[in-house]
Every structure is written in structure tokens, then in C-alpha cells.
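For reference, the structure is listed below as C-alpha cells.
A note on names: the letters A, B, ... follow the listed sequences, proteins ahead of strands, and every chain is numbered from 1.
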Amino acid sequence: MGTTKFLFFLLAFILLMVLGKIVYEGIGIISLEFIFDEPRNNMTEGGIWPAIFGTLAVTTIMVLLSVPVGVSAAIYLSQYAKDTFLTRIIRTAVNNLAGVPSIVFGLFGLGFFILFIGRNIDEVLGTGLLWGQPCLLWAAATLSVLVLPIVIVSTLEALISVPKSHIDASFGLGATKWQTIKKVVFPQAKPGILTGTILAISRGVGETAPILFLGAAFFLPNLPVVDLCIGDYCIPMINPAEQFMYLAYHIFILATQSSNPTLTMPIQYGSTLVLIAITFLLNITAIVLRYKYRKQLGKI
Amino acid sequence: MTEIQTSDEKVEVEDSVQERAESSLYGKKISLKVRVKEKIIEYFFALNGAVALIFIILIFIFLFKEGINALNNIGLLDFIYYDQVQLNQTVERLFEWYPTSSEERYSLLPLIVGTLLTAIPATLISTFFGVAAGVYLSEIVNPKLREFLKPMIELFASIPTVVLGFLILVVGATIFNDLFHPSNRLNAFIASLGLSFVIIPIIASMTEDALRSIPTDLRMASYGLGATKWQTISRVIIPAGFSGVSASIILGFGRAVGETMIVLMAAGNAANITTDLLLSVRTMTATIAAEMGEVSQGSDHYYALFFIGIILFTITFFLNLIAEIIINKMRKKNVF
């Protein structure tokens, strides 16, 4: 007994040391300039704004692509589909998809999105080589396939935990299936769905391997932004056809391929601290949400 | 619940008397309009479910479609060895991954050895710590502290792997180098230490789940027989939860095989065939990650990388499947 306790707290100690090291080394460089400035002087000075912006852009598109599909698929699986052989296969496949190495998703993105979809779009629209090469949209699409199982599984869990009696009561009052889902099932499952979405975002923010060859760039002076003009009004929009900088990829590049690793060390720690802060913030939000949600369910 | 019946709904209910109506499962007449709407909604959700399923199938198809091309020019045996004819007409058999040389060598053995040499030690280390942490969380710690510690483990699991790779590269390798003077600064052991950061949380939380799902009757019966707490844990709880624990270890091993960033940054990326943990190795995932960016599309090398992808996909898919089967069996068994 004492041994397990010792091992557990040794583990906690190591973890705290790791986090402590990042915070200790990284906190010095964090400032508003660091976050909102562009890298300068061969990335030995300046900030990381393009990387943060790229990360936000990719995850935004990723969420838009994966969450609607994932949540609706989960609704179908839990509320409509009968427990047949096919649905059981789908569930197994979804579960297993969560364990497929992320680099394999990168290969899939390259083969499917870029070479198949992208090249065909170029051919049909005659855009030359615009979509048939690595860019922000395909990276986000690949990441959304990667997080799709997470969204489906967590939404499923939330939907299944809605008490059957509530659903029956709703039917008993004369509500139709869709009314029941909209007014009874969905409100109760909302915190769980939100938790799944947040976890998916945090996974996407931290994932590096699949985007290594899907458009993440070493250094870009400009943000991947395009002005969408309707008449005289122009709104800056994320340009999905451009390459982008990515926070996690930025750390990888600085740590392994920088011409002067010691000079960029503060930036490396700073970027790591920002990345860790984002993922932890997202995860803590998810944990708190789930905790509150469980308490709420307990009262019913 | 009364708010469900909107005014619009009431009108439809009245209309349904005149319209051709059909009784629902619960004996209520439902008008055609409502039924059509319901069907459209159902098909919308079904479509989304199908999209999810289609992507699963597409991953399969496109991975295999590209990867199988590798066998056109590179034979299956070429993925194992390469026979090099020496000047004196003797044949030397080489097991090398060297796809960019003039005589391309595509032996996967060094990559598989590298993968195992990082994944196995990582799994062993993680099993030791992970099971201990799982037992502690499930059996020993008081429930209030567990409410706090369990989320800590989830937080632990959420650290991006690139961060772990970075720390191992910058801090871990330096400390290890100063202490033990390994033959290569970046080596298999360092990488497996990094990997265990990823796997420990998985094993710990799954072990905890497995042990907690064991009925309290068993614990009580054991105490009733006069066993101490530790005897109960080691002779009753762990054997009873063995299948769950082993599933978590299998899953952890699968994650270690598939992890990319840590091994890419910390394993040294030299394709050695060795059993020496202190040498640099190159894993399958790191090979794809490092070479896919520079390879020209449609070349043998390009297809060979997809072939590695197929192998990775197959291995991890089956490991996950085995783990899931074990967990499902355990779930059924534990329902008394």
C-alpha cells in the first residue's frame, strides 16, 4: 500500500517538475509583444502571433467541420439507430479510430484531401495548382477527421446518460421524436456535448504529426488572411488555400531545425508555455463542466 | 414538459382528425406533415452518421490504395532485405532503410526494431507506474482526494506530445547524458521515457476504472475471511480485474507504437538494428514524419512510406480491437 502511494506521488512530483520547468523558463519571455508580434531576425527575436493565429484558424475550421457531423452522428446512433450488427460495427470502428496513430491520419489527409479531392477540384475548376497542394483547409479537414471519434464518443456518452424515463414521459405527453430530442434529450446532454467539443479542440491544438506535411510552414511573414469584398465592404477572412504557421509545429521546428537552438531557447520555452496554457485551460474547463454536469444529473 | 405542446402543435392535432392520420407507438394520431418532418430529420441524422462511417472506410481505402502501389516496384521481400553484390561476386545481405541512395534499400526491419525498442520499455515503465497509480486511486486513496486526483491524471494526459518531445530533447537528454554517458545522446531509452508520459495516464485511468467496476461483495468477502487490505488488493482485486488491466496495457502499447512527435524528437533517428537501448533508433512513425515532407509524389519511396502507414494502421487497429473485446467481456462478466 505504501508503495503504490509512494509511486503515485513520485509520478505527481515528476509531473510538477516538468510543468514547473516550463513555467519557470517560459514566464520571463511572455508579454503582450511576444504574443502579438511577428517573429523577427530569423526567428531569434520577436513574437509568435502568426503561429497563434494559424492555430486558431485551423481549430476554428476543424470545429466547424467535425462538431456538427459528430454530434448528429451520435444523435442518430443513440436515438434512431436500432441495435443491429451494422450499428455495432460502426461503434467499434469509431472506438478503434480513436486509437489509430495520428501520423496515419496525416497520410490519409495527403492521399484523400490533397491528391484526390484537391487535385480534382483544380481540374474541374481550372484553378491550376491551388487546392491540390498542402494548405490550411486540408490540414483542418484532416484534423477534423482525427477528432471526429472523440466528438462522437463523448456525445454518445452524454446522450445515453439521459434517463429513459424522461424520454418516455415526453412521448407520453404526446411529443414527437424530434420534439423529444430537441426539448428533453438535447438540453440534458448539452454540457456533455460541450465537454466533448472542448476536448476535441484541445486535441487539435496539440496535434503536430498529421499537419507536418499538410501545410504547416516554417516561417510566414503574412497571416493566412484574405479580404472578402462585397461591393465596397471588405471583411478579412481566413484564407483556406494558404499555408499557415502552427504553434505546436513552431515548437517542433525551433527545437529541432533551428540554426541556433540556444539563441531561440527563450522563444521555445515561451511558445511551449503558451501551448500548455491553452490546452490546460481547455481541459480544465472540460473537467469543471463535466463535474457540474454530473452533480446536476445526480439531483434528477 | 407542458411547453412542448406549442400552439402550432395543437392546430396540427386538430387537423389530424380530418387528414389521413396514423397512430404512433404511443397511440397518438400524428398528422402527415409532422410525420414527413420527422422522417426528414431522421434521414438528416442518418446522413451524418453515414458521413462518419464513410470517412472510416475512406481512411482504409486511401491508405491501402497508395500503399499497395509500393509493391509494384518494390517486392515484398525487398521490404525485408537487400542483396548487394560485392566486387568479388559474393552477395552481402543488407537490412537497411536507405531509400534515398542510388541503390535504394527498403528493409523495414530496422524501423520495426526501432519501434519495438522504444515501445516495449515505455510500456514496461508505464505498466509499473500506471498500475500502481490505478490501484492507489481505486483502492487506497480516500474518495475526496480521488475527486481531485482523477482530473489531475486527465490533465496529465492532455499535455501535447510535442511539448513532451521538446522537454525530453532539451532537458531530459542533457540530464541523462551527464549522468549515464550513453553511446548516443538521443537514444531509444530517452524516447521510451518520453513515451511513458503518454501511456501512464492511459493505463492508470483504465486500471482505476477496471478495479472500481469490481463488485464490493468481493472485497467484503475477502475482509470477512480475515484478509488484510493489501492481501485483498493483491490476491483478490488485481486478479479479478486482470483482464481490464491487461486491456489497458495493450492499449498503452498501441499508443506507444503509434506515437510520433516524441520518438521523432528524442530517439535520434538513426536506423540501427540493435538491442542496445542506449543507441539511436528510428521508428516507423518518425520515418513517415521525417521523410514525407521531402519525398516526390509517386516515387517508390513515397509509396513505401504509405506502406509503413498500412503496417502501423493494421497493428494499432488490431491492438485496439483486442483491448475492446477484452473490455466488453469484462463488462458482461461483472454484471452480477
Against chain A, label Glu139(B) side chain, backbone, both or neither, depending on which of its atoms sit under 4.5 Å from a heavy atom there.
-> neither
Under 4.5 Å to a heavy atom of chain A? For Val171(B) that would be side chain
Check whether any side-chain heavy atom of Arg290(A) lies under 4.5 Å from a side-chain heavy atom of Glu154(B), and answer yes or no.
-> yes
What do you reckon, is OH of Tyr43(B) surrounded by more than 12 foreign heavy atoms closer than 6.0 Å?
-> no
Heavy-atom distance under 4.5 Å to chain A: side chain of Phe197(B), backbone, both or neither?
-> side chain
More than 12 non-hydrogen atoms from neighbouring residues, nucleotides or ligands closer than 6.0 Å to CZ on Phe116(A), yes or no?
-> no
Nearest-0.5 Å distance, OG1 of residue Thr59(A) to CZ of residue Arg203(A) = 14.5 Å
Extract all donor-acceptor atom pairs below 3.5 Å that involve side chains of residues 90-100 of chain A and protein atoms in other chains or at least two apart in sequence.
from, atom 1, to, atom 2, distance (Å)
Arg91(A), NH2, Leu77(A), O, 3.1
Thr92(A), OG1, Arg88(A), O, 2.8

Whatever's closer than 4.5 Å to a heavy atom in chain A on Lys150(B) counts as neither
Where on Leu319(B) is there a heavy atom nearer than 4.5 Å to chain A: the side chain, the backbone, both, or neither?
-> neither
Contact origin within Phe45(B) toward chain A - heavy atom pairs under 4.5 Å | both
Which atoms of Ile61(B) come close to chain A, meaning under 4.5 Å heavy atom to heavy atom: side chain ones, backbone ones, both, or neither?
-> neither
Residues of residues 284-295 of chain B with a heavy atom under 4.5 Å from any heavy atom of chain A, in residue-number order, are Thr285(B), Ile288(B), Ala289(B), Met292(B), Gly293(B)
By a 4.5 Å heavy-atom criterion (distance strictly below it), what part of Glu42(B) contacts chain A: side chain, backbone, both, or neither?
-> both
Could you walk me through whether Phe307(B) and Tyr303(B) pass the ring-ring contact (aromatic ring centres under 6.0 Å, His included) test, one step at a time?
-> CA-CA 6 Å; Phe307(B) 192 76; Tyr303(B) 290 127; over 10 Å; no
Is any residue of residues 105-115 of chain A within less than 4.5 Å of chain B by heavy atoms, and which ones?
-> Phe105(A), Leu107(A), Phe108(A), Leu110(A), Gly111(A), Phe112(A), Phe113(A), Leu115(A)
Side chain, backbone, both or neither: which part of Tyr302(B) has a heavy atom under 4.5 Å from chain A?
-> side chain
Checking heavy atoms, do the side chain of Leu169(B), its backbone, both or neither come under 4.5 Å from chain A?
-> side chain
Identify every side-chain donor-acceptor pair in residues 156-168 of chain B under 3.5 Å, counting partners at least two apart or on other chains, and give the distances.
from, atom 1, to, atom 2, distance (Å)
Ser158(B), OG, Asn283(A), ND2, 3.3
Ser158(B), OG, Leu155(B), O, 2.7
Thr161(B), OG1, Glu259(B), OE2, 3.4

Evaluate whether atom OH of Tyr291(A) has more than 12 neighbouring non-hydrogen atoms of other residues, nucleotides or ligands under 6.0 angstrom away.
-> no
Could you state the interatomic distance from CD1 (Ile181(A)) to CD (Glu38(B)), rounded to the nearest 0.5 Å?
-> 7.5 Å
Go through the atoms of Ile315(B) and report whether side chain, backbone, both or neither lie under 4.5 Å from a heavy atom of chain A.
-> neither
